[in-house]
**Student:** 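Have a look at the structure that comes next, please.
Lettering of chains follows the sequences in order, A, B, ..., and the numbering in each one begins at 1.
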Amino acid sequence: MLDPKLIRESPDLVRIAIAKKHLTVDLDAVLAIDATWRAQLQEVEALRSRQKAANTAMAALPKGSPEFIAKVAEMKAVSAQVKEREAQLKESEEKFRQAMLSIPNLPHASVPEGRTPEQNVVFALHGAHAEPRPHAIPHWEIPGFDKLFDFARGAKVTGAGFPFYVGDGARLVRALLHFFLDENAQAGYVEVNPPIFVNAASATATGALPDKEGQMYETTIDKLYAVPTAEVPLTNFFRDEIVDEATLPIYRCAYTPCFRREAGSYGKDVRGLNRLHQFDKVELLKWVHPATSYEELDKLRGDAERLLQKLDLPYRVLLMCGGDLGFAQSKKYDLEVWSAGQKRWLEVSSCSNFEAFQARRAQIRFRAKDSGKPELVHTINGSGLAVPRVLAALLENNLQADGRVKIPAALVPYFGKEFLGFA
RNA sequence: GGAGAGGUGGCUGAGUGGCCUAAAGCGCUGGUUUGCUAAACCGGUGAUGGGGUUUAAAUCCCAUCCGGGGGUUCGAAUCCCCCCCUCUCCGCCA
């Protein structure tokens with residue numbers, strides 16, 4: 001959510017910024033609702049003021065006195081009016097709130113112009129992705145793949161996109177998660193094990209609602225949402241709180257399974273481990289002082305990159321253009337790992353600065369030392385990292401002539417073996 | 001799941017229909033006093049929204065906020081209804 005004052009006072013600035021995201025928002029309609037709401041508010045407040053004054057006067061009068069009875073009659077009319085106007089005000093308030101929720105976050109000045117994914121800027125390249133790997137094939141074609149990653153039985157038991165990981169497949173997943181968490185802890189992120197179901201208020205605060213309503217699994221009786229990412233419960237940890245400025249920046253990381261309906265996905269995107277309805281991910285999250293948020297974003301991206309470097313996986317960093325930025329982000333980098341069998345880049349982390357967009361929805365603030373007043377924090381998050389696609393790249397890139405997969409040195413202590421076999 | 005007791009400012013806690021503009025204490029903070037520290041005394045101490053003044057801010061004015069949402073009433077922290085949460089006991093359970 002944006003600052004209503006910004007929209008009120010500098011609508012053109014907001015218009016231009018939204019245009020950079022190639023989104024359309026009827027700002028004039030929002031401004032009209034705002035004007036109506038404010039006019040109604042002033043009316044209601046004037047009436048309430050009258051009620052309060054009458055109340056004080058009546059408290060001093062004897063209960064049954066003629067003056068008292070006259071006053072009751074007079075205020076009855078005012079009361080009816082208040083009731084009516086308050087109902088209108090409430091309606092306008094809700095309209096305004098909905099309108100505000102429909103306005104996207106504004107992109108940072110450093111975000112490149114562009115409409116389509118092709119216009120994202122390749123910000124950095126790391127590792128020898130172009131190096132020929134004669135044995136590389138798509139991971140789902142590796143002989144024996146189905147034994148360790150059993151999609152057919154997952155489909156039987158639950159549905160498509162819910163695989164079983166079996167034996168060394170399960171062990172490799174666990175090794176990656178353990179590795180990620182250990183590395184992140186070392187980088188200063190406090191590990192958190194959050195709830196994996198959240199309520200509607202939490203989903204709204206991070207922007208999952210209303211923007212991605214149909215993408216989340218929802219429980220029927222309790223009206224809870226299965227988390228699409230640990231970002232949701234983690235960000236909401238400090239919802240409606242005012243933290244001490246001295247505690248900033250706060251670094252946290254969390255492993256959770258993530259659940260996404262992925263309605264509308266198809267084709268090569270959903271083969272094998274590329275896109276699942278349930279997958280494991282470690283999320284990095286920071287609550288920071290607004291003055292440092294872009295510096296902290298770069299640091300967080302570096303923390304995620306280091307994981308890929310230690311796994312010896314070639315990757316690139318994309319700086320997303322305005323048109324490919326999400327609804328809630330001000331700036332976003334995607335980390336894409338090179339998948340040698342599929343010969344394509346797979347997104348494994350998305351590192352974003354939300355500035356105060358989430359913090360305003362979630363009312364996460366800090367008390368500024370100099371002014372003593374609460375101010376909104378900036379929130380930053382990114383994966384560190386998502387397991388299945390890292391796994392896909394690892395399987396494809398490290399496949400040997402003998403059909404085994406070489407485990408990266410950094411992962412060997414966690415996996416316990418130097419090679420993964422499919423026999 | 002059942003029965004009962006609760007939810008009031010940063011914290012403790014009083015307040016059962018109208019001077020609640022929420023007592024008091026603690027904490028925090030400014031000052032006075034004072035070899036230092038401590039103590040004592042005096043004062044200040046929330047959030048949100050709107051308005052107004054201003055280069056801007058502060059000050060100022062108004063309204064709202066006593067777990068959340070409705071209702072009764074001229075008037076609700078207080079009465080009624082629904083929901084959430086906490087505690088105690090019982091049941092169930094890893």
**Student:** Look through every strand shown and name the nucleotide pairing with B/rG49 as Watson-Crick or G-U wobble, where both distances are under 3.5 Å.
**Tutor:**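 Partner of B/rG49: B/rC62.
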
**Student:** Can we call the ring centroids of A/Phe366 and A/His289 under 6.0 Å apart?
**Tutor:**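 Centroid distance A/Phe366-A/His289: below 6.0 Å, so yes.
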
**Student:** Suppose you measure atom C1' in B/rC11 against the same atom in B/rG17; what distance do you get, rounded to whole Å?
**Tutor:**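 B/rC11 and B/rG17 have their C1' atoms separated by 29 Å.
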
**Student:** Rounded to whole Å, how long is the line connecting atom CZ of A/Arg360 with atom P of B/rU48?
**Tutor:**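 It works out to 12 Å between those atoms.
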
**Student:** Check this one for me: any side-chain N or O of A/Arg367 less than 4.0 Å away from OP1 or OP2 of B/rG10?
**Tutor:**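 So the side chain of A/Arg367 is outside the cut-off, no N or O lying under 4.0 Å from OP1 or OP2 of B/rG10.
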
**Student:** Report the relative orientation of the aromatic rings in A/Trp37 and A/Phe96; use parallel for angles under 30°, tilted for 30 to 60°, perpendicular for over 60°.
**Tutor:**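 The rings of A/Trp37 and A/Phe96 lie parallel, inter-plane angle below 30°.
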
**Student:** Is any side-chain nitrogen or oxygen of A/Gln51 closer than 4.0 Å to OP1 or OP2 of B/rG75?
**Tutor:**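 Checking B/rG75 against A/Gln51, a side-chain N or O does come within under 4.0 Å of OP1 or OP2.
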
**Student:** By nearest nucleotide on RNA chain B, pick out whichever of A/Ser49 and A/Trp37 is the more 5' one.
**Tutor:**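 Result of the comparison: A/Trp37.
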
**Student:** With the side chain of A/Asn55 defined as its heavy atoms from C-beta on, choose the nearest nucleotide among B/rG75, B/rG51, B/rA47.
**Tutor:**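 Looking only at side-chain atoms, A/Asn55 lies closest to B/rG75.
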
**Student:** Rounded to the nearest Å, what distance is computed from the CD atom of residue A/Glu9 to the C1' atom of nucleotide B/rA56?
**Tutor:**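 The answer, rounded to whole Å, is 12 Å.
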
**Student:** Which residue, A/Val72 or A/Ala46, contacts RNA chain B at a nucleotide closer to its 5' end, judged by nearest heavy atom?
**Tutor:**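 Looking at the nearest nucleotide for each, A/Ala46 comes out on the 5' side.
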
**Student:** Under the 3.5 Å rule, do the base of B/rG49 and the side chain of A/Glu45 count as making a donor-acceptor pair?
**Tutor:**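 Yes, the side chain and the base share a sub-3.5 Å donor-acceptor pair.
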
**Student:** A side-chain contact here means heavy atoms from C-beta on lying under 4.5 Å apart; do A/Arg367 and A/Glu375 qualify?
**Tutor:**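 Counting from C-beta outward, A/Arg367 and A/Glu375 never come under 4.5 Å.
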
**Student:** A/Lys76 side chain: which of B/rG75, B/rA47, B/rC74 is closest?
**Tutor:**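 Of B/rG75, B/rA47, B/rC74, B/rC74 is nearest to the side chain of A/Lys76.
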
**Student:** Which nucleotide, if any, forms a Watson-Crick or G-U wobble pair with B/rA14, using both distances under 3.5 Å?
**Tutor:**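 Here B/rA14 is not engaged in any pair, so there is no nucleotide opposite it.
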
**Student:** Would you please confirm or rule out a distance under 4.0 Å between OP1 or OP2 of B/rG49 and any side-chain N or O of A/Arg97?
**Tutor:**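 No, because none of the side-chain N or O atoms of A/Arg97 sits under 4.0 Å from OP1 or OP2 of B/rG49.
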
**Student:** Measure from the side-chain heavy atoms of A/Lys52 and tell me the nearest of B/rG49, B/rA47, B/rA63.
**Tutor:**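 Shortest atom-to-atom distance from the side chain points to B/rA63.
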
**Student:** Between B/rG18, B/rG51, B/rU72, spot the one nearest the side chain of A/Lys83, thanks.
**Tutor:**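 Given the options B/rG18, B/rG51, B/rU72, the side chain of A/Lys83 is closest to B/rU72.
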
**Student:** Where is the tightest heavy-atom contact between A/Tyr165 and A/Pro388, given as atom of each residue plus distance?
**Tutor:**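 Answer, listing the atom of A/Tyr165 first, then A/Pro388: OH-CG, 4.3 Å.
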
**Student:** Kindly say whether, by distance alone, the side chain of A/Lys63 makes a donor-acceptor pair under 3.5 Å with the base of B/rG18?
**Tutor:**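 It does, because a donor-acceptor pair links the side chain of A/Lys63 to the base of B/rG18 below 3.5 Å.
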
**Student:** Does A/Arg153 CZ have over 12 foreign heavy atoms under 6.0 Å away?
**Tutor:**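 No, the 6.0 Å shell around CZ holds no more than 12 heavy atoms from other groups.
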
**Student:** Please state whether the phosphate of B/rG75, meaning OP1 or OP2, lies under 4.0 angstrom from any side-chain nitrogen or oxygen of A/Ser79.
**Tutor:**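 So the side-chain polar atoms of A/Ser79 do come within 4.0 Å of the phosphate oxygens OP1 or OP2 of B/rG75, strictly under.
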
